[in-house]
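Here, residue 1 is the first one in the sequence, and each next residue gets the next number. Every value quoted in this text rests on a predicted model; they were computed, and no experiment measured them.
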Amino acid sequence: MIRLHRTPAVERLEWILAGLDGAEDWGADVDSALAPEFAAVVAPDVFVDRVRTRTQTYAPVVVVGVDVSDHTAKARLRRPDGDVDVLSCEVEPEPPHRITMTWILGMVPAGLTPRLPMDFADSADFDGQDGAQSGRRTALVIFSGVPGSGKSTIAEATGRKLNIPVFAIDWLLGALTPFGGRHFAELWDIGVEQLTTLALRQLTLGQSAILDTPVEDHATRVRWRSLARRSNADFKVIVCTCSDPKVHRARVEDRQRGIPGWHDGGDWTNVARRLAKFPSWDEEALIIDSIQPPDRNLEAVLDHLGR
């Protein structure tokens, strides 16, 4: 028999959810449910009225996820308009585990600075520092290609040679693993958003950035091109390939990169499928073959970037 982990916080959370769902006679026990310090801020009768008012928004309650610990619990509630809000509940560490704090916020709370745009062309809030002001021309450099194509090796070599930071999506996603990142439904989108934010920050400071990621979707390519243009930076693309399928497969299956929280060997079947439909880039891109000597490829990249 499967049993869910039940904690005092979950039980109090369920009590609030019953109120949001419009349970009949809900709230009669409110005096025993709220800790004195919470009741001093929000009177019990006021709390009951607020919860009952919110039934207009949430009833019937649809819970799409729950996060639980001994003294805190959070439920993600889907609203009729499709948006998701988060109901949080904290309780006393000792019995009777009364509620010390509870609140509802949108998944993206109102009042925050808007997320980065998909098109930076008309975004005055994200003007970059012109490279001329800092005495040098800046660039957003993309190393693209399927896994095992050698892009990380050449991207890192380029970053060392030109003293430009290299941001690799595998390292960013691996850092999320201790927090359940491997199970996030939109893990790759999170990594792309992190890369976009890091690139924006560098360009805003009048500095160049190198991004190491496959970039297989057209929308991201267009977005990064608009970011570079808005930041008065060059947009340079290097597409990495491996012309020997046997070598490519060996690199995918046998590589040991040691990225914290990320896998080493990969799935060649997945890579071969992605390679077969890898889209070409619209703009002029440098295509390098990682079978060639690394020094020769590095020289080609430096020439492409105008050194």
Side-chain angles (χ1 to χ4, degrees), residues 9-10 12-23 26-27 30 33-35 37-69 71-91 99-128 172-173 175-176 179-181 183-201 203-204 219-220 223-224 226-227 230-231:
V10 169
R12 295 298 188 185
L13 180 71
E14 290 177 336
W15 177 76
I16 300 172
L17 288 171
L20 292 175
D21 204 40
W26 179 86
V30 66
L34 305 183
E37 62 267 30
F38 185 62
V41 177
V42 182
D45 59 331
V46 173
F47 179 78
V48 171
D49 287 342
R50 288 181 179 177
V51 172
R52 286 175 174 167
T53 299
R54 286 175 173 171
T55 61
Q56 302 173 19
T57 301
Y58 297 104
V61 170
V62 178
V63 178
V64 296
V66 178
D67 298 306
V68 178
S69 67
H71 306 127
T72 63
K74 299 182 179 183
R76 294 185 290 281
L77 312 179
R78 187 173 300 283
R79 299 166 49 141
D81 61 7
D83 288 344
V84 174
D85 291 341
V86 179
L87 168 63
S88 300
C89 179
E90 297 179 357
V91 302
I99 296 171
T100 59
M101 185 69 68
T102 182
W103 65 94
I104 296 179
L105 284 176
M107 182 68 79
V108 179
L112 296 182
T113 301
R115 65 163 291 182
L116 298 182
M118 290 303 296
D119 187 345
F120 287 84
D122 299 318
S123 300
D125 293 337
F126 301 106
D127 281 337
L172 297 177
L173 298 184
L176 298 177
F179 308 97
H183 306 286
F184 291 168
E186 299 176 332
L187 179 61
W188 201 260
D189 291 337
I190 293 172
V192 170
E193 194 69 14
Q194 290 176 311
L195 287 176
T196 305
T197 301
L198 290 167
L200 168 67
R201 183 58 179 156
L203 296 176
T204 300
T220 298
R223 187 187 194 193
W224 287 350
S226 75
L227 170 57
R230 187 64 184 178
S231 303

Distance, nearest 0.5 Å, that separates [atom1] of [X] from [atom2] of [Y]:
| X | Y | atom1 | atom2 | result |
| --- | --- | --- | --- | --- |
| Phe38 | Thr102 | CZ | OG1 | 6.0 Å |
| Thr196 | Met118 | OG1 | CE | 8.0 Å |
| Asp67 | Arg76 | CG | CZ | 4.5 Å |
| Arg12 | Thr72 | CZ | OG1 | 15.0 Å |
| Ile104 | Arg50 | CD1 | CZ | 11.5 Å |
| Leu20 | Thr53 | CG | OG1 | 10.5 Å |

Minimum heavy-atom distance [X]-[Y], with the two atoms named:
| X | Y | result |
| --- | --- | --- |
| Leu13 | Ala75 | CD2-CB, 3.9 Å |
| Pro60 | Asp21 | CA-OD1, 3.2 Å |
| Val51 | Ile16 | CG1-O, 4.2 Å |
| Ala39 | Leu34 | CB-CB, 4.4 Å |

Under a 3.5 Å distance rule, please check whether [X] uses its side chain to pair with a backbone N or O of [Y] as donor and acceptor.
| X | Y | value |
| --- | --- | --- |
| Arg223 | Pro117 | yes |
| Asp119 | Ala121 | yes |
| Trp26 | Trp15 | yes |

Walk me through it: do Val63 and Leu77 pass the test side-chain contact (heavy atoms from CB on, under 4.5 Å)?
CA-CA 5 Å; Val63 178; Leu77 312 179; 3.8 Å; yes
Could you tell me whether the side chain of [Y] reaches within less than 4.5 Å of the side chain of [X], counting heavy atoms only?
| X | Y | answer |
| --- | --- | --- |
| Leu195 | Trp224 | yes |
| Thr197 | Arg201 | no |
| Thr204 | Ser231 | no |

Derivation and outcome, side-chain contact (heavy atoms from CB on, under 4.5 Å), residues Leu116 and Leu227:
CA-CA 10 Å; Leu116 298 182; Leu227 170 57; over 6 Å; no
Report all side-chain donor-acceptor pairs from residues 81-91 shorter than 3.5 Å, counting only partners two or more places apart or in another chain.
from  : atom 1 : to    : atom 2 : distance (Å)
Asp81 : OD1    : Asp83 : N      : 3.0
Asp85 : OD2    : Tyr58 : OH     : 2.6
Asp85 : OD2    : Arg79 : NH1    : 3.1

Between Leu172 and Leu198, does a side-chain contact (heavy atoms from CB on, under 4.5 Å) hold up when you go through it step by step?
CA-CA 11 Å; Leu172 297 177; Leu198 290 167; 4.0 Å; yes
